[in-house]
Structures are given as C-alpha cells and as structure tokens.
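Numbering of ligands and ligand atoms starts at 1, following listing order. This is a predicted model, so every value here is computed, not measured.
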Amino acid sequence: MKNNILVLGGKGKTGSRIVTRLKNLGHHVRVGSRTENPAFDWNKPAGWPAVLEGMDSMYITYQPDLAVPGAKEAIAALTKVAKEKGVQKLVLLSGKGEVEAERCEQIVLNSGIETTIVRASWFNQNFSESFFLPPIQQGVVALPKTQLKAPYVDANDIADVVVKILLNKGHEGKIYELTGPRLLNFEEIIAEIAKATGRNLQFIPITLAEYVGAMKEEGVPEDVVWLMDYLFTEVLDNEANQVVTNDIEKLLGRKPTDFLEYIAETTVTGVWNQVVEV
Ligand SMILES: NC(=O)c1ccc[n+]([C@@H]2O[C@H](COP(=O)([O-])OP(=O)(O)OC[C@H]3O[C@@H](n4cnc5c(N)ncnc54)[C@H](OP(=O)(O)O)[C@@H]3O)[C@@H](O)[C@H]2O)c1
C-alpha cells in the first residue's frame with residue numbers, strides 16, 4: 001500500500017533525504033516547507049490544517065530546535081491538528097541529551113497517535129550543509145570545546161532509519177538513539193577534512209565566551225546565539241552524549257556510516273573547496 005507522507009523540514013538535512021527515499025519507493029510525499037504550496041511555517045499555525053489534510057503519516061523536524069522557548073506549545077498544537085486530521089503515525093526527530101526536547105517527545109508520545117522518537121547526536125552534515133561549513137570554506141576554523149568528543153551521525157543513516165519506521169510496524173512508542181560509530185573532536189575532524197581536500201585549514205581553539213562574542217559581533221540573531229551557546233554547553237559538554245549506541249545497526253542490520261566515508265563522499269562534491277572571501 002502506498003502512503004501519503006508529510007515530511008516537515010523536507011528541504012533540510014534529514015528531510016530532503018527522506019523525501020528522496022520515499023519518492024523512489026513510489027510513496028506520495030508532501031514536502032513541508034515555507035516555499036511549497038500549501039506552505040508549512042512553524043510561525044503560521046493557521047496554515048497547518050491544509051498541509052496535514054489527507055496525510056497518513058508525518059515526520060516532524062522542529063525549527064530551530066526542540067529546546068527553544070515556544071517549542072513545546074508548537075509541538076502540542078501541531079499534534080492536535082494531526083489528531084483532528086486523522087494522521088496515524090508520527091516520527092519526531094529529537095536531540096540527544098536535551099531535557100527540553102524530552103518534554104516535547106512526551107507531548108508527541110502522549111498524543112494518542114502511534115509515535116516513534118528518533119534522538120540523534122550531531123550530524124556529520126553540519127560540516128557541509130550547515131553552520132560549520134562557512135569557516136571551513138574561509139580556511140580558518142575557530143571553535144570552542146575543541147577536545148570534547150561527539151559521536152557524529154550521518155543524515156543518510158537517519159533517513160534510512162526514519163523511512164524504515166514510517167513504512168513498517170513495530171516501532172510504536174519506541175525511542176531510538178542514533179549515533180555514528182565513533183567519537184571525534186573538532187580538531188580531529190578539521191584535520192581529516194584538510195587532509196582529504198588538500199586544503200590548508202587553520203584551526204584555532206577559542207573559549208565559548210569568545211565564540212558567542214564573535215557571533216554577536218557578526219550580527220547573528222540573538223536567539224541563534226542563545227541556541228549555539230546551549231548546544232555547546234548542554235549537548236556537546238555532556239558526558240551522557242559522549243557514547244556510541246548500536247540502534248542504527250539494530251534497525252538497519254549494518255554499521256553506521258563512518259565519518260571518513262562521509263568525508264570521502266563530501267570531498268568529491270567540491271563544497272569544501274569553494275573558497276569564500278572574508
Ligand atoms: N543538526 C544537528 O546536528 C541536529 C542533531 C540532532 C537533532 N537535530 C534537530 O533536527 C531539527 C532540524 O535541524 P537542522 O538544523 O538539521 O535543520 P534542517 O533539517 O537542515 O532544516 C532546515 C530547514 O528548516 C526549515 N525551516 C526553517 N525555519 C522554518 C520555519 N519557521 N517553519 C518551517 N520550516 C522552517 C527550512 O525549510 P524551508 O526553507 O524549506 O521552509 C530548512 O530547509 C531540529 O529540531 C534540531 O534540533 C539536529
């Protein structure tokens with residue numbers, strides 16, 4: 001049976017990969033995006049019923065993060081609309097080790113709709129499709145907490161897991177924790193990217209206060225600065241997050257993607273060699 005599946009953040013790092021996989025399997029996919037028609041915008045709840053109309057399942061990625069003020073209320077309001085519209089399955093992307101995100105998970109788990117939570121550690125793709133990319137392109141990477149290790153996970157693995165959950169039974173009420181196969185710190189990552197690309201990447205360890213101060217100076221919005229501060233403190237600097245899990249292997253029957261495989265795949269796209277003037 002082919003499903004009608006709504007993928008929120010359908011143009012983002014995990015969502016776009018999930019959309020591709022589901023379409024390739026012949027499912028009817030609605031891309032949740034501010035630039036689709038009907039449009040999905042977390043800040044415009046009046047538009048949500050039209051987007052959820054006729055959907056059997058929904059993959060939820062909240063923006064910018066389930067830890068920000070207002071996320072709980074938005075998630076509660078969305079699940080209410082989902083219930084009214086007869087959506088039968090929800091998969092929520094959450095973050096590992098975020099207390100605030102866990103409150104949102106509970107709201108979705110208690111929504112009365114079959115729900116699975118996918119808690120992911122930081123994505124590999126943050127270095128090629130998100131906030132860590134511009135400094136790499138500029139050739140100077142200044143980051144705090146450089147010795148802390150995290151089990152970066154590949155967005156392709158997350159997409160494979162989410163598709164499996166969306167299309168199969170047996171995952172209701174479960175919370176999966178997805179990590180990559182090993183722990184890495186920023187210095188090791190930047191050194192590996194430099195080696196693979198042949199670029200001379202300068203790495204500068206700084207304090208979190210300096211990092212936050214630099215973002216403010218660059219005019220980064222206050223809520224984004226708050227979120228980055230939160231992520232570096234609560235998520236990265238949290239021993240509970242510095243562990244490798246085997247949920248990806250249990251679910252997919254194969255090992256998670258190693259960071260070096262991700263580096264090899266990304267290097268050939270040339271994205272790290274697009275030199276940007278500062
Ligand atoms: N990145 C990580 O390492 C990581 C790790 C664990 C969990 N997570 C969680 O994953 C979720 C996604 O985070 P991400 O950083 O990876 O982003 P992402 O999935 O790459 O999503 C970016 C997308 O968000 C959409 N978006 C932005 N503002 C929106 C709004 N007001 N309404 C609707 N859509 C909006 C944009 O889509 P359009 O422009 O098409 O509207 C954009 O394509 C977050 O909840 C985050 O906490 C992320």
Side-chain angles (χ1 to χ4, degrees), residues 6-20 29-48 50-52 58-75 77-78 81 90-105 107-108 117-134 143 150-159 161-162 175-180 184 186 189 220-221 223-224 226-228 230-232 234-236 238 240-241 245 247-248 256-257 259 262:
L6 171 61
V7 178
L8 298 187
K11 296 182 179 175
K13 291 187 277 302
T14 60
S16 60
R17 291 170 166 86
I18 292 166
V19 167
T20 303
V29 185
R30 179 169 290 168
V31 176
S33 161
R34 292 166 299 176
T35 53
E36 288 289 313
N37 189 10
F40 182 88
D41 188 330
W42 282 105
N43 300 320
K44 296 181 182 163
W48 300 352
V51 183
L52 270 68
M58 170 164 59
Y59 172 62
I60 308 171
T61 57
Y62 184 71
Q63 273 301 318
D65 193 285
L66 290 173
V68 305
K72 263 189 316 182
E73 292 74 11
I75 291 291
L78 180 77
V81 176
L90 303 174
V91 179
L92 174 70
L93 177 68
S94 183
K96 261 181 107 244
E98 293 183 37
V99 178
E100 291 81 357
E102 287 173 21
R103 297 199 185 104
C104 295
E105 294 174 5
I107 293 169
V108 187
I117 308 295
V118 173
R119 274 185 200 156
S121 54
W122 282 9
F123 307 161
N124 295 347
Q125 280 75 10
N126 291 341
F127 294 92
S128 48
E129 298 172 28
S130 194
F131 42 89
F132 295 138
L133 175 62
L143 286 171
Y152 292 90
V153 63
D154 201 278
N156 288 301
D157 290 346
I158 301 173
V161 164
V162 171
I175 299 177
Y176 295 119
E177 301 218 322
L178 309 188
T179 75
L184 288 158
F186 288 131
I189 287 171
V220 175
D223 53 341
V224 178
W226 178 88
L227 179 61
M228 294 304 286
Y230 172 90
L231 292 173
F232 272 86
E234 297 294 321
V235 181
L236 190 64
N238 178 344
N241 291 340
T245 68
D247 281 359
I248 288 181
T257 306
F259 204 87
Y262 156 74

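The closest approach between S16 and ligand 1 stays at or above 4.0 Å for every heavy atom of the residue. Distances shorter than 4.0 angstrom occur between a heavy atom of P64 and an atom of ligand 1. Remark: distances from the non-hydrogen atoms of S94 to ligand 1 include one below 4.0 Å. Ligand 1 lies less than 4.0 angstrom from a heavy atom belonging to A120.
Proximity to F40 (heavy-atom distance under 4.0 Å) selects the following atoms of ligand 1: 33 (C). The distance from ligand 1 to the heavy atoms of N43 drops below 4.0 Å at these ligand atoms: 31 (N). Those atoms of ligand 1 with a heavy atom of L93 less than 4.0 angstrom away are 9 (C), 10 (O), 11 (C). Residue S121 approaches ligand 1 through these ligand atoms, each under 4.0 Å from one of its heavy atoms: 5 (C), 6 (C). Each of the following atoms of ligand 1 lies closer than 4.0 Å to a heavy atom of S33: 38 (P), 40 (O), 41 (O).
Nearest non-hydrogen protein atom to atom 32 (N) of ligand 1 is W42 N, 2.9 Å. With respect to atom 14 (P) of ligand 1, the closest heavy atom belonging to the protein is K13 NZ, 3.5 Å. In this structure, the protein non-hydrogen atom closest to atom 39 (O) of ligand 1 is R34 NH2, 2.8 Å. Closest to atom 31 (N) of ligand 1, if we only count protein heavy atoms, is D41 OD1, 3.1 Å.
Where the criterion is an N or O separation shorter than 3.5 Å, residue side chain and backbone included, G9 fails it with respect to ligand 1. Any N or O atom pair closer than 3.5 Å counts here, and T61 shares no such pair with ligand 1. In terms of polar-atom proximity, defined here as any N/O pair under 3.5 Å, N126 does make such a contact with ligand 1. The shortest N or O to N or O distance between E98 and ligand 1 is not under 3.5 Å.
Atom 42 (C) of ligand 1 is never approached by the protein to below 4.0 angstrom, counting heavy atoms only.
Atom CG of D154 sits about 11.5 Å away from atom OG1 of T14, to the nearest 0.5 Å. With rounding to the nearest 0.5 Å, the separation of CG in D247 from CD in E177 is 7.0 Å. For the atom pair CG (L227) and CZ (F232), the distance works out to 10.5 Å, reported to the nearest 0.5 Å. Interatomic distance, OH of Y59 versus CD1 of I158, reported as 6.5 Å (0.5 Å rounding).
Residues satisfying the salt bridge (charged side-chain N to carboxylate O under 4.0 Å, His left out) criterion with E234, sequence neighbours excluded, are absent altogether.
Ring geometry for W42 versus W48: interplanar angle over 60°, hence perpendicular rather than tilted (30 to 60°). Relative ring orientation between F186 and F132 is described as perpendicular, the plane-to-plane angle rising above 60° on a 0-90° scale split at 30° and 60°.
Between Y262 and Y152, the ring centre distance reaches or exceeds 6.0 Å.
If you look at A67 next to ligand 1, there are no close heavy atoms at all, none under 4.0 Å. Within the 4.0 Å heavy-atom criterion, the part of Q63 lying near ligand 1 is the side chain and not the backbone. Looking at D65 against ligand 1, both its backbone and its side chain come within 4.0 Å, counting heavy atoms.
For atom 2 (C) of ligand 1, the choice among F123, F127, F132, Y62 with the nearest heavy atom turns out to be F123.
Between K11 and E36 there is a salt bridge, with a side-chain nitrogen of the basic residue lying less than 4.0 Å from a carboxylate oxygen of the acidic one.
No hydrogens or angles considered: a donor-acceptor pair under 3.5 Å links the side chains of S94 and E105.
Residues Y62 and L8 are not in side-chain contact: their nearest non-hydrogen atoms beyond the backbone lie 4.5 Å or more apart.
The minimum heavy-atom distance linking L6 with V51 is given by the pair CD1-CG1, 3.7 Å. In terms of heavy atoms, I18 sits closest to V7 at CG2-CG2, 4.0 Å.
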